[in-house]
Amino acid sequence: MTLRPPRPRATILANTLATSMATALATATLFVFAAPAAHAQASSAAAAALVSQRAVYDLGLVEAAGGQTLSATGRMSYTVLKTCLGWSSHQRLDIQSVTRQRGEEHLLSDYAAQESLDGRHLTFKSQETRNGKLLRVVSGEASLASDGSGVVQYRQPLAKTLPLPAGTLFPVAHTARILATAASGGKELTTPLFDGTLPDGPEDTYVTLLNWSPPPANSPYLPLQKLAAGHVHIAFYDRNAHTMMPEYEMGMRYFANGVSDQLHLDFGDYKMQGTLSTLDLPPTPSCTQPAPH
C-alpha cells in the first residue's frame, strides 16, 4: 500500500531533523488518458491483487544538506490487513536523531486507518510526539461519492468539516490506482490523496512510474520473486500553497501485490533510505455471505 509519509515540514521533523526547512500543484491533472470507467475497472483488478502484509524497514541517513542533521537512524513498521469489511492499516515511525540545534531527539509517529473495500469510507487517527511530548493528534472520518468528491469530518485537533475535491483517493485506493497505471503501461499519474495525516484536508500527488518489468532477480523474499515490480516516485503538494515545490517526496520499489522492499525518503534538507528487514504476508480471510433463510 502507499506508505504514509512522515510529515517533516508540517509536523515533527520540521522542528527537529531539518530546522531550517520552510513550513504544490493546486490543480490536479490526470496524465493517464483512459476513460473513468476503465480506471475503475483497472483499479478494482489491482486492488484484488493487493495482499495483507506486516513489513518492517530499517532507516538510515544517506544525505544531509546544510550540516544541521548530524545523524539519524530509525525504523518504520507497516501493517495492513484485509478483512471482510475493508483494510485495516497501522504505521509506526521511530527515529533517533542528533541535530546541531537541538541535540539528541526521539521522534515517534503513529498512524492508523480503516478503509472500506470500495474505497469510499475512511476512519483515521495519527499521533506525533517528540521526546515524549505530544505534538499533535489528527482524527476523524471521511466519505466519498462515486466521482471521488466528498467530505472529511475532523474530531481532532479541531472539530470541523471540509470538502474533498472530485477524484480524491484514500490510501489503499491510491495504491491500487498506481499499480493499475503501471500495469497498463502508464508513466505518470496526478490525483488528490486524503489519508488523514494532515488537519487541513487532502494534498495533491504526482506519481512517476519507472521500469515496470518482469520479476526482479534480486529480491531475497520468496513471495516477491515471481511478481512484476517497478520504481515509483511520489511527490506530495500542498493544495493551498502557490508553489511548484513539493512538501515531501518519496520513492520505492513496488511489487504487483502492493509490497515495497526499498524506500527513499526525501525531506528536502536530508534524505533517508529504508530497507525491508522483515516481511510477513498473512492469509486473506475467506468471506462468505450467510445463506438466506
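- A donor-acceptor pair shorter than 3.5 Å can be found between the side chains of Gln114 and Ser88.
- Side-chain contact between Leu117 and Leu85 is absent, with no heavy atoms from C-beta onward closer than 4.5 Å.
- With a 4.5 Å cut-off on side-chain heavy atoms, Met76 and Gln91 count as touching.
- Judged as a disulfide bond (SG atoms under 2.5 Å apart), not a single pair has a partner in residues 222-251 (not counting sequence neighbours).
- Within the structure, every pair that satisfies the ring-ring contact (aromatic ring centres under 6.0 Å, His included) test and touches residues 179-200, not counting sequence neighbours, is listed here: Phe124-Phe194.
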Just do the side chain to side chain donor-acceptor pair (under 3.5 Å) check on Glu188 and Tyr206 with the steps written out, would you? CA-CA 7 Å; Glu188 51 190 6; Tyr206 179 67; 2.3 Å; yes
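- In this structure, Ser126 OG and Leu93 CG are separated by 12.0 Å, a value rounded to the nearest 0.5 Å.
- Distance check: His174 NE2 to Leu179 CG gives 10.5 Å after rounding to the nearest 0.5 Å.
- Not a single donor-acceptor pair under 3.5 Å links the side chain of Glu115 to the backbone N or O of Asp195.
- Within the structure, no pair that satisfies the disulfide bond (SG atoms under 2.5 Å apart) test touches residues 161-205, not counting sequence neighbours.
- For Glu104, the salt bridge (Lys or Arg N to Asp or Glu O under 4.0 Å) criterion is met by no residue, not counting sequence neighbours.
- Inter-residue side-chain proximity for His233 and Glu249 is flagged as met; some heavy-atom pair is nearer than 4.5 Å.
- Screening Asp280, Thr79, Thr278 for a side chain to side chain donor-acceptor pair (under 3.5 Å) involving Arg54 leaves a single residue, Asp280.
- For the atom pair OH (Tyr78) and CG (Leu279), the distance works out to 12.5 Å, reported to the nearest 0.5 Å.
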Taking only distance into account, with no hydrogens and no angle test, what donor-acceptor pairs under 3.5 Å do side-chain atoms of residues 157-172 form with protein atoms, sequence neighbours excluded?
from   : atom 1 : to     : atom 2 : distance (Å)
Lys160 : NZ     : Pro199 : O      : 2.9
Thr168 : OG1    : Pro165 : O      : 2.6

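- By the salt bridge (Lys or Arg N to Asp or Glu O under 4.0 Å) test, Arg92 is found to be paired with Asp110, residues two or more places apart in sequence or in another chain being considered.
- Under a hydrophobic clustering in which Ile, Leu, Val, Met, Phe, Trp and Tyr are joined whenever their side-chain heavy atoms come within less than 4.5 Å, directly or via other members, Phe255 and Tyr221 fall into the same cluster.
- Between Gly196 and Tyr111, the shortest heavy-atom distance links the atoms C-CE1, 4.4 Å.
- In this structure the side chain of Ile234 reaches within 4.5 angstrom of the side chain of Ile178, judged on heavy atoms.
- Under the 4.5 Å side-chain criterion, counting only non-hydrogen atoms from C-beta, Glu105 is not in contact with Val98.
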Verify side-chain contact (heavy atoms from CB on, under 4.5 Å) between Leu70 and Arg100, making sure each step is shown before the conclusion. CA-CA 7 Å; Leu70 302 179; Arg100 291 187 184 277; 3.7 Å; yes
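- Within the 4.5 Å cutoff, the side chain of Pro192 has no heavy atoms near those of the Glu203 side chain.
- Gln273 places no side-chain N or O within donor-acceptor distance of the main-chain N or O of Gln262, the cut-off being under 3.5 Å.
- For the pair Ser116 (side chain) and His121 (backbone), a donor-acceptor distance under 3.5 Å is present.
- Distance alone, capped at 3.5 Å, places no donor-acceptor pair between the Asp261 side chain and the Leu276 backbone.
- Each disulfide bond (SG atoms under 2.5 Å apart) pair with one or both residues in residues 107-151, not counting sequence neighbours, would appear here, but there are none.
- Between the CG atom of Asp94 and the CG atom of Leu107 there is a distance of 8.5 Å, given to the nearest 0.5 Å.
- From Leu193, atom CG reaches atom OG1 of Thr205 across 5.5 Å, with rounding to the nearest 0.5 Å.
- When atom types are taken as modelled, the side chain of Thr83 and the backbone of Gly86 share a donor-acceptor pair closer than 3.5 angstrom.
- Arg120 meets the salt bridge (Lys or Arg N to Asp or Glu O under 4.0 Å) test with no other residue; sequence neighbours excluded.
- To the nearest 0.5 angstrom, His90 atom NE2 is 10.5 Å from Lys125 atom NZ.
- Inter-residue side-chain proximity for Met252 and His231 is flagged as unmet; no heavy-atom pair is nearer than 4.5 Å.
- In the hydrophobic clustering of ILVMFWY residues, with side-chain heavy atoms under 4.5 Å counting as a link, Val56 and Leu108 come out apart.
- If you run side chain to side chain contact (heavy atoms under 4.5 Å, CB included) between Val207 and each of Thr181, Val232, Thr190, only Val232 comes through.
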Kindly indicate, with the supporting measurements, whether the criterion side-chain contact (heavy atoms from CB on, under 4.5 Å) is fulfilled by Gln127 and Leu134. CA-CA 8 Å; Gln127 178 173 299; Leu134 182 65; 3.4 Å; yes
Give the C-alpha distance, both sets of side-chain angles, the deciding distance and a yes or no for side chain to side chain donor-acceptor pair (under 3.5 Å) between Gln156 and Ser139. CA-CA 5 Å; Gln156 295 169 287; Ser139 67; 2.8 Å; yes
Check residues 147-154 and write down every donor-acceptor pair under 3.5 Å in which the side-chain atom is one partner and the other belongs to a residue at least two apart or another chain.
from   : atom 1 : to     : atom 2 : distance (Å)
Asp147 : OD1    : Ser149 : N      : 3.0
Asp147 : OD1    : Ser149 : OG     : 2.6
Asp147 : OD2    : Ser149 : OG     : 3.4
Tyr154 : OH     : Leu198 : O      : 2.7
Tyr154 : OH     : Gly201 : N      : 2.9

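- What you find for Ser71 and Leu61 is that their closest heavy atoms are CA-CD2, 4.1 Å.
- Side-chain N or O atoms of Ser260 include one that pairs as donor or acceptor with a backbone N or O of Arg253 at under 3.5 Å.
- Here the side chain of Thr73 pairs no donor or acceptor atom with the backbone of Gly60 at under 3.5 angstrom.
- For residues 65-77, the salt bridge (charged side-chain N to carboxylate O under 4.0 Å, His left out) pairs, not counting sequence neighbours, are Asp58-Arg75.
- By the salt bridge (Lys or Arg N to Asp or Glu O under 4.0 Å) test, Asp200 pairs with no residue at all, sequence neighbours left out.
- Scanning all heavy atoms of the two residues, the minimum distance from Arg136 to Thr197 falls at NH2-O, 3.7 Å.
- Among all heavy-atom pairs drawn from Gly258 and Leu50, the shortest one is CA-CD2, 3.8 Å.
- Clustering ILVMFWY residues whenever any of their side-chain heavy atoms sit less than 4.5 angstrom apart, transitively, puts Leu227 in the very cluster that holds Leu281.
- The disulfide bond (SG atoms under 2.5 Å apart) pairs that include a residue from residues 78-131 are Cys84-Cys287, where partners are two or more places apart or lie in different chains.
- Side-chain contact between Tyr254 and Thr175 is present, with at least one heavy-atom pair separated by less than 4.5 Å.
- Nearest heavy atom pair, residue Leu81 against residue Pro282, reads CD2-CG, 3.8 Å.
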